[in-house]
Amino acid sequence: MTDWNTRTKLVHSGTRRSRYAEMSEAIYLTQGFVYASAEEAESRFIESGPDEFIYARYGNPTVRMFEERMAAIEGTEDAFATASGMAAVNGALTSLLKAGDHVVAARALFGSCLYVLDILGRFGVEVSLVDGTDLGQWRKAMRSETRAVFLESVSNPTLEVIDVQSVCEIAHAKGALVIVDNVFATPIFSRAVALGADIVVYSATKHIDGSGRCLGGVVCGSKAYIRKVLEPYLKHTGAALSPFNAWVLLKGLETLDLRVRQQAASALRIAEALAGHEKLAQVIFPGLASHPHHAIAMAQMGAGGTVVTLDVKGGQAGAFRFLDALQIVKISNNLGDARSIITHPATTTHQRLTPQKRDELGITPGMVRFSLGIEDCDDLLGDVENALDAV
Ligand SMILES: *Cc1c(COP(=O)(O)O)cnc(C)c1O
C-alpha cells in the first residue's frame, strides 16, 4: 500500500469494509460499542486492537478511515482527526507543552492560531514570534527550553512562503519539534514530512471537504506522538470529529487531487493575466516568478497554491467596490471551496489586529484574498476583469 501514488491513496487508503462489503465507506453513526462480555470490555479498556473501539470520543470506524487515509497521503505513521482545524492546532500544541517550555512561531498566522498561542502564555509557556521568512530570526529565537516550532508554510493572506526545510534544521539542532499548519499548501502539494516536519496539521474544512459543508481537522505524525502524546489529550478533552463529518471528508478526499490541481491552474492563469493590471497595486502569487519566494515555493510545493492575493488601488473603498461588483466569485471567508471565494482581510479575518500590526504583516487596506474554485477559468477571469472595471 505504501508504494501507491497519492491519487490512488486518496480513493482507497484506509477503507474498512463491514461484512456486507459495501463499496462506499459506511457511516458508523454510533457513540458506543457493545462488548460480548464483561471480560471483553475489561480487556478492551486495557488495550484495544485495530478493529476495536470503545467510545466515539476516543475513536470510531468512519473517523479511523479518514485518519488512516490522511496518514497515508501525508506519509506519516498515523493521524488523529478533530472537530475543526483549530481543535487540531490547539491539540498539537497543548498536548506537547507544559509550563516553562518555550515555543517559536512565525508571526504571520491565522488569527485563531495567534489566539491559541496567547492562551499558552496564560499557562506559563513562553512564545516568541519571528518573521518566518528570516532564518536569522528563527536561529536567534531558539533556546535550550524551546520545545516546539510552529508555522504556516504559506502565510495568510500575504502568501509568504517559509523555507520549511531550513527551519526544521534550525529547530532540530536544538531538539525542538516542528509543527506545520499546511492548509495553504494542501495535502496535494505538501512535502512537509520529506522537508523534516515532525507534525503536520490541516483544517479539513478547507480543500479536504472542498464543498463548504462541514468543519474538520487532522494532525499527522509519528505513531509514538499521535497515540502516546496527542490521543490521550484529545480523547479526554473532547475535540472528536463527528463520524458523519468524517464520511463527508472521506468523500472530499476522493476528488481532492482533481480539484486542487484545477484550482492551482486557475490561480496561476488568473495571477498571470492580472499582473500589471492598471487597477491593481500588486498581484501576490507564489507561482509567479516575480514572487520573492518563488524558488522556495516551487521546491517545496511544485506549484503556487490555490489562493491569489490582490492589492486593489484606492484602498478599502477600491477593494469594496471590486468585491461588490463580482457576480460569480462569492464574498465569504472560507477557502479551498469548489466555489471561488474572496475576502477583505483588513475588515474580516484580520479585523482584530491594530492598523500597525496589519502594517507589520503587510496587510494593506486594498488587499483581497481570492481562493480559486473549480469553475471555468474564462468565466472567472471575465468576472474579475468586469469587477475591476467598476473600481
Ligand atoms: C482555517 C484555518 C485554520 C482553522 O481551521 P477551522 O477548521 O476553521 O477550525 C487554521 N489554520 C489555517 C491556516 C486556516 O486557514
Side-chain angles (χ1 to χ4, degrees), residues 63 66 70 74 79-94 105-120 129 132 148-162 164 178-190 192 197 199-220 234 237-242 244-246 248-249 252-253 256 260 263 267 286 301 305-309 332-337 341-345 348-353 361 363 368-372:
V63 175
F66 174 64
M70 281 306 307
E74 200 57 35
F80 200 92
T82 54
S84 69
M86 282 323 301
V89 169
N90 181 58
L93 286 162
T94 311
R107 66 182 183 186
L109 291 178
F110 186 66
S112 302
C113 294
L114 283 171
Y115 187 86
V116 168
L117 293 175
D118 280 349
I119 297 174
L120 291 174
L129 296 178
V149 156
F150 179 65
L151 59 96
E152 286 171 25
S153 51
V154 180
S155 74
N156 171 27
T158 51
L159 308 182
E160 295 176 349
V161 185
I162 294 183
V164 174
V178 179
I179 305 169
V180 175
D181 180 335
N182 222 16
V183 165
F184 279 67
T186 82
I188 299 306
F189 299 132
S190 173
I199 299 161
V200 186
V201 177
Y202 288 101
S203 163
T205 314
K206 312 291 166 53
H207 304 80
I208 294 174
D209 175 356
S211 294
R213 295 164 292 192
C214 64
L215 296 173
V218 66
V219 184
C220 305
L234 284 174
T237 53
L241 178 65
S242 138
F244 182 83
N245 288 354
V248 171
L249 298 173
L253 285 177
L256 182 70
V260 165
Q263 289 167 322
M301 301 196 292
T306 67
V307 175
V308 177
T309 294
S332 188
N333 40 273
N334 193 17
L335 62 97
D337 197 288
I341 288 176
I342 202 154
T343 191
H344 182 249
T348 61
T349 53
H350 293 70
Q351 188 190 135
R352 232 166 43 90
L353 302 182
L361 296 177
I363 302 168
V368 296
R369 184 191 76 191
F370 182 15
S371 166
L372 275 295

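None of the values given here were measured: they were computed from a predicted structure. Count residues from 1 along the sequence. Indexing begins at 1, ligand by ligand and atom by atom, following the structure's order.
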Once you restrict both partners to nitrogen or oxygen, which atoms of ligand 1 have a protein partner under 3.5 Å, and how far apart are they?
| unit_1 | atom_1 | unit_2 | atom_2 | d |
| --- | --- | --- | --- | --- |
| ligand 1 | 5 (O) | Ser203 | OG | 3.0 |
| ligand 1 | 7 (O) | Gly85 | N | 2.8 |
| ligand 1 | 7 (O) | Ser203 | OG | 2.8 |
| ligand 1 | 7 (O) | Thr205 | OG1 | 2.5 |
| ligand 1 | 9 (O) | Gly85 | N | 3.1 |
| ligand 1 | 9 (O) | Met86 | N | 2.8 |
| ligand 1 | 11 (N) | Asp181 | OD2 | 2.6 |
| ligand 1 | 15 (O) | Lys206 | NZ | 2.7 |

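- Val218 places none of its side-chain heavy atoms less than 4.5 Å from the side chain of Phe80.
- Here the CZ atom belonging to Phe110 is positioned 7.5 Å from the OG1 atom belonging to Thr349, to the nearest 0.5 angstrom.
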For this session: Apply the test side chain to side chain donor-acceptor pair (under 3.5 Å) to residues Ser190 and Asn182: give CA-CA distance (whole Å), side-chain angles for both, the deciding distance (0.1 Å), then the verdict.
Result: CA-CA 7 Å; Ser190 173; Asn182 222 16; 2.8 Å; yes
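- Proximity of a side-chain donor or acceptor of Thr82 to a complementary backbone N or O of Ala239 within less than 3.5 Å is not detected.
- Between Met70 and Pro187, the shortest heavy-atom distance links the atoms CE-CG, 4.2 Å.
- You'll find the side chain of Met301 stays beyond 4.5 Å of the side chain of Thr186, heavy atoms only.
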